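Below is one structure, written out as structure tokens; the observations come after it.
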Protein chains: 2
Amino acid sequence: MARSQTTKKLTRIQRQRTDIILEAALDVFSDFGFRGSTIDMIAKRAKLSKPNILYYFDNKEAIHVTVLAKLLETWLAPLHAINEDNDPIDEICKYIEQKLNMARDFPRESKLFANEILQGAPHVLPELQGALKDLVAQKVKIIEAWSKDGKIAQVDPHHLFFSIWATTQHYADFDIQVRSVLDDNTKDPFDTAGPFLKTMFSTMLTP
Amino acid sequence: MARSQTTKKLTRIQRQRTDIILEAALDVFSDFGFRGSTIDMIAKRAKLSKPNILYYFDNKEAIHVTVLAKLLETWLAPLHAINEDNDPIDEICKYIEQKLNMARDFPRESKLFANEILQGAPHVLPELQGALKDLVAQKVKIIEAWSKDGKIAQVDPHHLFFSIWATTQHYADFDIQVRSVLDDNTKDPFDTAGPFLKTMFSTMLTP
DNA sequence: AAAAAACTTGACCGTATGGTCAGATATGTA
DNA sequence: TACATATCTGACCATACGGTCAAGTTTTTT
């Protein structure tokens with residue numbers, strides 16, 4: 001059997017099917033949440049039978065956990081990229097742009113992540129308290145150094161990150177609300193959000 | 001029978017029980033989402049029997065809709081309060097403080113609303129496109145007038161509101177993430193968020 | 001080509017859940 | 001008090017869903 005393989009080499013079909021299933025699962029989970037999704041929905045979307053899905057994953061939760069784990073990697077990538085040696089405000093603006101691009105290009109991932117956190121992070125709490133916390137702590141030090149050197153204004157680094165996360169992800173997670181309020185579909189919210197956010201954070205950070 | 005009463009006067013017990021049920025439902029729905037909640041959970045929390053719940057509400061969805069409708073009223077109150085005649089930056093800061101207080105004092109409402117929007121607003125889309133959109137349009141005009149008069153800097157009013165919503169609600173909706181990253185439980189995130197956000201938006205809006 | 005391994009599925013099971021209903025109990029009213 | 005109305009509930013039903021399994025099909029290996 002293929003399931004619960006730990007550090008075994010995968011066959012061609014295993015890799016293919018697993019990818020198809022995870023892609024379908026991302027689709028379904030991000031639309032209906034964990035409890036609102038059924039294995040049948042995922043199966044239909046993946047064009048596989050339900051038992052076939054359960055041949056590759058032990059159960060529904062295992063699919064969810066795997067999707068989340070994959071997602072977290074790419075989710076944290078932009079944060080990793082912040083570099084102490086470059087111009088502070090350029091780096092922050094670059095970070096904002098990357099986060100906003102991710103919200104635009106990967107709304108399913110953003111919504112799924114939001115859903116997970118809203119429910120109290122039942123599957124990723126350890127990662128939040130471990131990897132994420134450590135990574136943030138590291139970047140917080142960079143911000144503090146910039147402040148101390150007078151390169152940027154004095155700001156609470158944690159809240160700076162929270163604000164960037166909140167504002168960028170808002171356009172993916174609350175997409176329906178944003179579009180309802182704007183409604184004049186002449187402009188893409190993302191296009192106008194970029195300059196707005198960069199201006200806002202630049203203004204605050206300029207000493 | 002008591003259910004589906006349209007414009008009939010309610011008995012004392014009807015009012016009491018309805019309130020108890022809605023309170024319990026808010027608890028459960030905000031914790032588990034619509035699909036993750038069961039009528040039995042609500043019944044247990046309300047200390048009523050399941051059929052008794054269904055005596056007052058036609059079905060699970062009716063409870064959800066009612067909870068959301070009640071919630072929306074209080075949710076939009078702070079926005080209503082923005083007054084053109086007062087000092088612009090004071091008004092915005094007051095709005096931020098009110099939104100942040102709501103996130104702190106009514107996290108269940110915030111999470112439930114977030115959940116609803118994340119799922120595509122199946123129950124409140126008309127309100128978003130109607131009442132909310134109109135209210136925002138009205139307040140956008142105030143911001144634009146302030147800008148034109150040189151009282152505040154030129155900013156996109158819509159994105160200004162989006163940013164305020166995103167940053168304030170973030171502390172309720174992503175509470176678990178915020179606390180995971182901060183972890184030093186010496187400070188309450190809400191206490192430090194207030195000054196941070198007011199500074200950020202004031203700085204941006206000062207001409 | 002044949003055996004072995006990997007993959008797939010129709011049919012099935014147990015449980016959870018939304019919802020119903022007939023009848024019991026409490027409450028209000030004449 | 002007696003009647004009517006409102007409130008409440010145990011028992012029940014139908015469906016949906018997570019998950020299993022034995023048997024079949026395809027792919028890989030020898």
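Below, chains carry the letters A, B, ... as their sequence lines are ordered, and counting in each starts from 1. The basis for the numbers below is simple: all heavy atoms, side chains too, and nothing from hydrogens, waters or symmetry mates. The structure displayed is predicted, hence computed values, not measured ones.
Between A/E144 and A/K141 no salt bridge is recorded (no basic side-chain N to carboxylate O distance below 4.0 Å). One finds a salt bridge joining A/R45 and A/D27 here, because a Lys/Arg side-chain nitrogen approaches an Asp/Glu carboxylate oxygen to under 4.0 Å.
At least one cation-pi condition fails for A/K139 and A/F161: the charged atom is not both under 6.0 angstrom from the six-membered ring centre and inside a 45 degree cone around its axis.
Of the side-chain N and O atoms in A/N59, none sit less than 4.0 angstrom from OP1 or OP2 of D/dG18. The shortest distance between the side-chain N/O atoms of A/T11 and the OP1/OP2 oxygens of C/dC7 is below 4.0 Å. Side-chain N/O atoms of B/Q14 include none lying less than 4.0 angstrom from OP1 or OP2 on D/dA6. Residue A/Y55 has no polar side-chain atom (N or O) positioned under 4.0 Å from OP1 or OP2 of D/dG19. Between D/dT28 and A/R12, a contact under 4.0 Å exists linking OP1 or OP2 to a side-chain N or O. OP1 and OP2 of C/dA6 both lie 4.0 Å or more from every side-chain N or O belonging to A/R17.
Distance B/H64 NE2 to C/dG19 P: 13 Å, rounded to the nearest Å. One can place NZ of A/K44 at 16 Å from P of C/dT9, the figure rounded to the nearest angstrom. Taking atom CD on B/Q16 and atom P on D/dA6, their separation rounds to 17 Å, with Å as the unit. The separation between B/I63 atom CD1 and C/dG19 atom C1' is 12 Å, rounded to whole Å. Atom NZ of B/K47 and atom P of D/dT7 are 21 Å apart (whole Å). The CZ-P distance, from B/R35 to D/dA16, rounds to 13 Å in whole Å. Between B/D40 atom CG and C/dG18 atom P the separation is 7 Å, expressed in whole Å. We find that CZ of A/F34 is positioned 13 Å from P of D/dC17, with the value rounded to whole Å.
Counting all heavy atoms, side chain and backbone alike, B/L76 lies closest to B/L132 at CD2-CD1, 3.6 Å.
Closest to the side chain of B/S49, from the set D/dC8, C/dT9, C/dG19, is D/dC8. Of the candidate nucleotides D/dG19, D/dT9, C/dT9, D/dG19 has the atom lying nearest to any side-chain atom of A/I39. Checking D/dT9, C/dG18, D/dT20 against the side-chain heavy atoms of A/P51 singles out D/dT20 as nearest. Counting only heavy atoms from C-beta on, B/I13 has its side chain closest to D/dT7 among D/dT7, D/dG18, C/dT9.
If you check distances only, the side chain of A/K50 does reach the base of D/dG19 with a donor-acceptor pair under 3.5 Å.
Nearest-nucleotide positions on DNA chain D place B/N52 closer to the 5' end than the other of A/K60 and B/N52.
Looking only at atom types and distance, the side chain of A/Q169 has no donor-acceptor partner in the side chain of B/H170 under 3.5 Å away.
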